[in-house]
There are 2 protein chains.
Amino acid sequence: MTESTRRRPRADALRNRERLLAEADAVFREQGTGASLEGVARRAGVAIGTLYGHFPTRTALVAALLEARNRELFEHGDRLAADPDPARALADWIRAVVRHAAAYQGLAAELAARSDELQDSCHRMTGIGDLLTDRARAAGALRGDTTGADLFTLMNAAAWAREHDTPAQADRLLDLALAGMIAR
Amino acid sequence: MTESTRRRPRADALRNRERLLAEADAVFREQGTGASLEGVARRAGVAIGTLYGHFPTRTALVAALLEARNRELFEHGDRLAADPDPARALADWIRAVVRHAAAYQGLAAELAARSDELQDSCHRMTGIGDLLTDRARAAGALRGDTTGADLFTLMNAAAWAREHDTPAQADRLLDLALAGMIAR
DNA sequence: ACCTGAACACCGTTCAAGT
DNA sequence: ACCTGAACACCGTTCAAGT
């Protein structure tokens, strides 16, 4: 690997990338992850080919958007792993991920699809889920044999419900599942 | 309303309608409710305009497909309303609806959208859900204040999970929520 | 190295003409 | 009364030409 292949990106390319991410975030919040990419490019002031140059697929764009937000989320998860109340930590984690996954309409489906571009995020999430459920189980706060995979399913389903129902209804779904999961 | 406006449909029109429904069912089972309508028409041996003549929107086609299946489902619900074990009846109903709503990929989203074409079905479902939860509550088999609307949210979310996860994972989600709903 | 935007491809929907 | 299918519209994606 010669030095030249590792050159820093051109300044205009970096700036275009940033503007594309900022506009994609705004557009996806308004219209969901299925929004027109042509519109994103136009709002960012670049041609559609530039968007494809930076992000070859829609999912790649979504993955790039999630990266910054994910870091924050995972840090929160790591902090929760040291929480003195494992049951509360688990519930807290679930609610945090659901809010996270309901940022854009369609994001829950994107996550549930487990595409290559997003599988790092998915693994990270189930990993933290496994850790938190293990701790809760060890503390006798869990009934049943809930795993990180169960959490992942629940969180995606609740995020999807949040997109299609009212947030209040989605919260009731979460409360129901939590009541079934956590020992009284 | 003169007699002529109530004439029975032409025989070929009726036959085309039946063929379109049969092929749409097959195609939606294979490819989901988002499948190409052009393909449905081609498989039914009619032009695309004929499909639109019978079913002006995709949702209208889905609604027509559901009609026959719904009748069966609602009869099951009515029978369950007389079940001696209200908790078991409730769990039975939920599982039946989820299987029903996971017939085609995308059907859960279609139901959750509560379009005009499908709102009769949705009302009927929440109605039966209200009845079954009321009976379970009266029998002391329920904890919390679960309603038919909660059931509707849960059933759609579980059906959606069934589309994106394995059926086994979706069942675990259902079990979790049921455990939270039904008094031990 | 990156950007542009015309060109291509695909599919949903309509509607004038036909039977 | 119903069917046909060409025509239109829309949008995602690619790539040759330009800087």
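Below, chains carry the letters A, B, ... as their sequence lines are ordered, and counting in each starts from 1.
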Exercise for the section: Between protein and nucleotides 12-19 of chain D, map the contacts as a letter string: B base, S sugar-phosphate only, - none, heavy atoms under 4.0 Å, written 5' to 3'. Expected result: SBBB----

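Salt-bridge annotation for A:Asp83 and A:Arg79: absent, with no side-chain N of the basic residue lying under 4.0 Å from a carboxylate O of the acidic one. The pair B:Glu30-B:Arg43 counts as a salt bridge, with a side-chain nitrogen and a carboxylate oxygen less than 4.0 angstrom apart. Salt bridge annotation for A:Asp25-A:Arg69: absent, with no cationic side-chain nitrogen under 4.0 angstrom from a carboxylate oxygen. The existence of a salt bridge linking A:Arg17 and A:Asp12 is excluded, since no basic side-chain nitrogen approaches an acidic carboxylate oxygen closer than 4.0 Å. Remark: B:Asp130 does not engage B:Arg137 in a salt bridge, criterion side-chain N to carboxylate O under 4.0 Å. Salt-bridge formation is detected for the pair A:Arg124/A:Asp78: a Lys NZ or Arg NE/NH1/NH2 atom is positioned less than 4.0 Å from an Asp or Glu carboxylate oxygen.
Rounded to an integer number of Å, the gap from B:Arg19 CZ to D:dC2 P is 18 Å. B:Arg17 has its CZ atom 17 Å from the P atom of D:dA1, to the nearest Å. Atom CZ of B:Arg42 and atom P of D:dT4 are 14 Å apart (whole Å). As a whole-Å value, the separation of B:Asn16 CG from D:dG5 P is 13 Å. Across the protein-nucleic acid pair, B:Arg15 atom CZ and D:dC3 atom C1' stand 13 Å apart, rounded to whole Å.
Side-chain nitrogen and oxygen atoms of B:His54 include none within less than 4.0 Å of the OP1 or OP2 phosphate oxygen of D:dC2.
Other residues, nucleotides and ligands contribute only 12 or fewer heavy atoms inside 6.0 Å of the CZ atom of A:Arg15.
Put simply, the side chain of B:Thr153 gets close to the backbone of B:Ala149: a donor and an acceptor are under 3.5 Å apart.
Pairing analysis of DNA chain C (Watson-Crick: purine N1 to pyrimidine N3 plus N6-O4 or O6-N4; G-U wobble: N1-O2 and O6-N3; both under 3.5 Å) yields stems of 3 or more pairs at C:4-8 with D:12-16, C:12-16 with D:4-8.
In this structure, the nucleotide among C:dC3, D:dT4, D:dC2 sitting nearest to the side chain of B:Ala13 is D:dC2.
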